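All remarks here apply to the structure that follows.
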Protein chains: 2
Amino acid sequence: MPQSKVISLNKLKVACKNCGLAKLCLPLGLDSGDIDQLDAIVQRHRPMHRGGHIFQTGDKFRSIYVVKTGTVKTYTQCPNGTEQVVGFHLPGEVVGLDGIESDKHICSAKALETTAVCEVPFDHLEELTSTIPGLQHQLFRLMSREITKETGLMVLLGKSTAEERLAAFLLSLSVRFHNRGFSATEFNLSMSRQEIGSYLGLALETVSRLFTHFQEEKILLVDRKHIQILDLDLLYDLLSNQTTCLDKLGAPS
Amino acid sequence: MPQSKVISLNKLKVACKNCGLAKLCLPLGLDSGDIDQLDAIVQRHRPMHRGGHIFQTGDKFRSIYVVKTGTVKTYTQCPNGTEQVVGFHLPGEVVGLDGIESDKHICSAKALETTAVCEVPFDHLEELTSTIPGLQHQLFRLMSREITKETGLMVLLGKSTAEERLAAFLLSLSVRFHNRGFSATEFNLSMSRQEIGSYLGLALETVSRLFTHFQEEKILLVDRKHIQILDLDLLYDLLSNQTTCLDKLGAPS
DNA sequence: AGGTAAATCTGATCCAGATCAATACTTGCT
DNA sequence: AGCAAGTATTGATCTGGATCAGATTTACCT
């Protein structure tokens with residue numbers, strides 16, 4: 001029974017070398033033969049629905065996951081019940097790298113909309129990286145980017161005002177969408193105000209007010225989850241006395 | 001002239017296999033022969049004085065550095081002149097991993113006291129990791145820990161009160177000192193109130209007041225930079241309704 | 001379609017911690 | 001030793017954003 005599913009799924013598979021995200025993902029810089037080897041260990045699953053879990057806190061660490069379509073949020077649960085969002089992950093971005101050290105996942109990863117991921121079993125990946133120097137380097141780069149990204153966010157959370165945080169968040173999304181071939185100025189948010197607030201260390205009411213405020217300032221046009229950036233420069237200006245943390249907020253070059 | 005220095009320095013060298021930090025550092029899990037190979041690429045420098053830079057923002061990324069003795073702070077400079085501390089690094093901890101992705105350092109690293117570091121040229125390290133699977137894995141683990149650590153700090157900065165932040169900071173230091181064979185309850189801070197505040201997203205006055213407050217509560221005994229934790233349990237209690245982020249704050253197991 | 005729960009917006013109030021300010025205390029420099 | 005500059009403490013005030021509360025809209029379910 002699972003066998004038949006696998007076969008039908010194979011038709012849905014997009015090989016790494018035909019994947020539009022390859023230049024953002026593990027295959028970056030690899031030659032065709034190496035990509036085939038990587039391709040062979042990647043497990044592609046059927047898309048999961050909104051709310052589905054990729055992994056949960058405490059799960060044994062076996063694989064890392066690359067978002068193929070959709071959006072993933074990573075979060076931790078506080079003892080008092082509230083959740084703390086630690087990241088939003090767009091297509092081409094990797095989740096699960098935090099699990100390597102302790103051999104179990106230290107946060108949960110959940111689909112914010114219909115989402116497909118490529119699962120890369122980590123033990124296989126480690127074997128491959130030993131023989132494919134370019135793959136090893138790319139994995140180091142991805143992990144380094146993760147560190148850089150989080151450092152940028154730390155700086156943002158440590159010092160900045162609510163306005164600066166939301167501006168940085170929107171610009172980060174803008175750049176990341178742009179790098180994926182989407183509009184830099186018009187997109188849909190797949191997360192709630194609550195989740196944005198949690199991620200940015202703000203109350204959801206503050207996020208809501210800021211959207212209204214940005215709209216009054218003619219910086220944005222907000223319709224529910226749909227965002228249109230009317231003036232990118234104004235948004236960048238809001239971050240002008242900020243560390244140049246923008247490029248640290250998740251924009252692959 | 002530099003040649004003679006190098007020779008005299010050789011006497012000061014501690015080979016990785018004789019280094020007390022080996023179990024926290026890259027050699028963890030390697031056999032004797034592999035450690036020798038690693039040892040051969042490590043560059044050991046004379047200790048640097050307080051204030052000396054290991055690298056600065058924008059420097060080309062060539063090496064990662066392991067703190068051998070002393071303390072290192074990493075920080076970024078904001079356009080308006082203020083600096084933002086992004087980390088404090090004790091012996092056995094690695095700095096510079098953020099530079100891999102963009103091939104240049106995105107923060108600066110400075111000695112907070114007389115400090116010695118082991119420099120590990122990254123291109124050599126990458127070559128070695130290809131042939132020593134255990135070393136590769138350990139490097140992945142170290143990078144993963146870095147990610148975990150920063151995630152924990154993000155959560156702390158996003159949600160917690162000033163009191164919780166300082167408690168988490170002190171406990172993180174306590175655990176890390178303990179893991180290095182020092183007292184878990186009595187140590188010297190090598191950083192200023194200002195720097196602690198910057199790291200925790202607090203004003204230096206707030207940090208100062210909290211030290212006073214903790215002292216009044218009989219949790220701490222503070223004398224300038226010298227800290228004695230009188231009641232570890234009380235300190236842990238302050239974090240009780242916190243994400244279990246403590247183990248994410250830099251405590252190698 | 002209609003009903004219920006969830007998400008969002010908006011206003012009013014409050015407070016933790018920033019900022020401003022003044023005074024010690026250290027430490028380094030000549 | 002003595003001055004200057006950095007560092008820490010403590011107090012007084014102010015404010016950005018949290019929290020509380022309510023109204024409104026939207027999404028989901030059968």
Side-chain angles (χ1 to χ4, degrees), chain A residues 49-51 73 78 80-85 110 112-114 156-169 188-217 220-227 238 241-242, chain B residues 49-52 73 78 80-85 110 112-114 156-169 188-216 220-227 238 241-242:
Chain A
H49 291 120
R50 174 183 159 82
K73 86 166 170 190
C78 297
N80 57 18
T82 62
E83 73 172 39
Q84 164 77 40
V85 175
K110 182 191 263 193
L112 285 178
E113 57 189 317
T114 302
L156 199 69
L157 293 178
K159 280 275 182 306
S160 320
T161 64
E163 199 177 57
E164 289 166 337
R165 292 183 201 194
L166 190 62
F169 174 69
N188 281 295
L189 300 173
S190 47
M191 66 294 286
S192 68
R193 306 289 192 256
Q194 170 88 262
E195 288 165 330
I196 295 171
S198 171
Y199 180 63
L200 297 175
L202 300 171
L204 72 98
E205 294 94 326
T206 305
V207 175
S208 179
R209 273 184 256 268
L210 281 169
F211 274 126
T212 307
H213 174 238
F214 281 162
Q215 192 156 226
E216 286 164 358
E217 299 283 318
L220 295 183
L221 217 129
V222 184
D223 175 25
R224 194 89 181 147
K225 304 258 186 191
H226 186 83
I227 301 290
L238 291 177
N241 57 347
Q242 212 48 38
Chain B
H49 291 120
R50 175 184 157 82
K73 85 166 171 190
C78 297
N80 57 18
T82 61
E83 75 172 38
Q84 164 76 40
V85 175
K110 182 191 264 194
L112 285 178
E113 56 191 317
T114 303
L156 199 69
L157 293 178
K159 280 276 181 307
S160 322
T161 65
E163 199 176 57
E164 289 166 337
R165 294 182 200 194
L166 190 62
F169 175 69
N188 281 296
L189 300 173
S190 47
M191 66 294 286
S192 67
R193 306 288 192 260
Q194 170 88 258
E195 288 165 330
I196 296 172
S198 171
Y199 180 63
L200 296 176
L202 300 171
L204 73 98
E205 293 95 327
T206 305
V207 175
S208 179
R209 271 183 257 267
L210 282 170
F211 274 125
T212 306
H213 175 238
F214 282 161
Q215 193 156 228
E216 287 164 357
L220 295 183
L221 218 131
V222 183
D223 175 24
R224 193 92 181 144
K225 304 256 186 192
H226 186 84
I227 301 290
L238 291 176
N241 56 348
Q242 211 50 38

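All of these numbers come straight from a predicted model, not from anything done at the bench.
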Distance (rounded to the nearest 0.5 Å) between Gln215(A) CD and Asp223(A) CG: 8.5 Å
Heavy-atom neighbours of Gln194(B) CD exceed 12 at 6.0 Å: no
Below 4.0 Å: OP1/OP2 of dT10(D) and any side-chain N or O of Ser208(B): no
Non-hydrogen side-chain atoms of Ile227(A) and Asn188(A) separated by less than 4.5 Å: no
Outermost nucleotides of DNA chain C that come under 4.0 Å of a non-hydrogen atom of chain B: dG17(C) to dT26(C)
Test item: Arg209(B) and Val207(B) side chains (from C-beta on) under 4.5 Å apart, heavy atoms: no
Scan nucleotides 25-30 of chain D against the protein and return all N/O pairs shorter than 3.5 Å with their distances rounded to 0.1 Å.
none

4.5 Å side-chain heavy-atom contact, Leu157(A) and Arg165(A): yes
Test item: Phe214(B) and Glu163(B) side chains (from C-beta on) under 4.5 Å apart, heavy atoms: yes
Interatomic spacing from OG in Ser192(B) to NZ in Lys73(B) - rounded to 0.5 Å: 6.5 Å
Between protein and nucleotides 14-21 of chain D, what N or O pairs are separated by less than 3.5 Å?
residue, atom, partner, partner atom, Å
dG17(D), OP1, Ala162(A), N, 2.6
dA18(D), OP1, Gly201(A), O, 3.4
dA18(D), OP1, Ala203(A), N, 3.1
dA18(D), OP2, Ala203(A), N, 3.3
dA18(D), OP2, Thr206(A), OG1, 2.2
dT19(D), O4, Arg209(A), NH2, 3.0
dC20(D), N4, Glu205(A), OE2, 3.1

For Thr82(B), all residues meeting side-chain contact (heavy atoms from CB on, under 4.5 Å), sequence neighbours excluded: Cys78(B), Asn80(B)
Members of residues 190-198 of chain B that approach DNA chain C, where some heavy atom sits under 4.0 Å away: none
Test item: Leu112(A) and Glu195(A) side chains (from C-beta on) under 4.5 Å apart, heavy atoms: yes
Sugar-phosphate only, base, or nothing, as touched by Lys225(A) at under 4.0 Å among non-hydrogen atoms: sugar-phosphate
Spacing of CD belonging to Gln84(B) relative to CG belonging to Leu156(A), to within rounding of 0.5 Å: 10.0 Å
Inter-residue atom distance Leu210(B).CG - Arg193(B).CZ, 0.5 Å rounding: 11.0 Å
pair Phe211(A)-Leu166(A): side-chain heavy atoms closer than 4.5 Å: yes
Non-neighbouring partners of Glu113(A) that pass side-chain contact (heavy atoms from CB on, under 4.5 Å), sequence neighbours left out: Thr71(A), Thr115(A), Ser190(A)
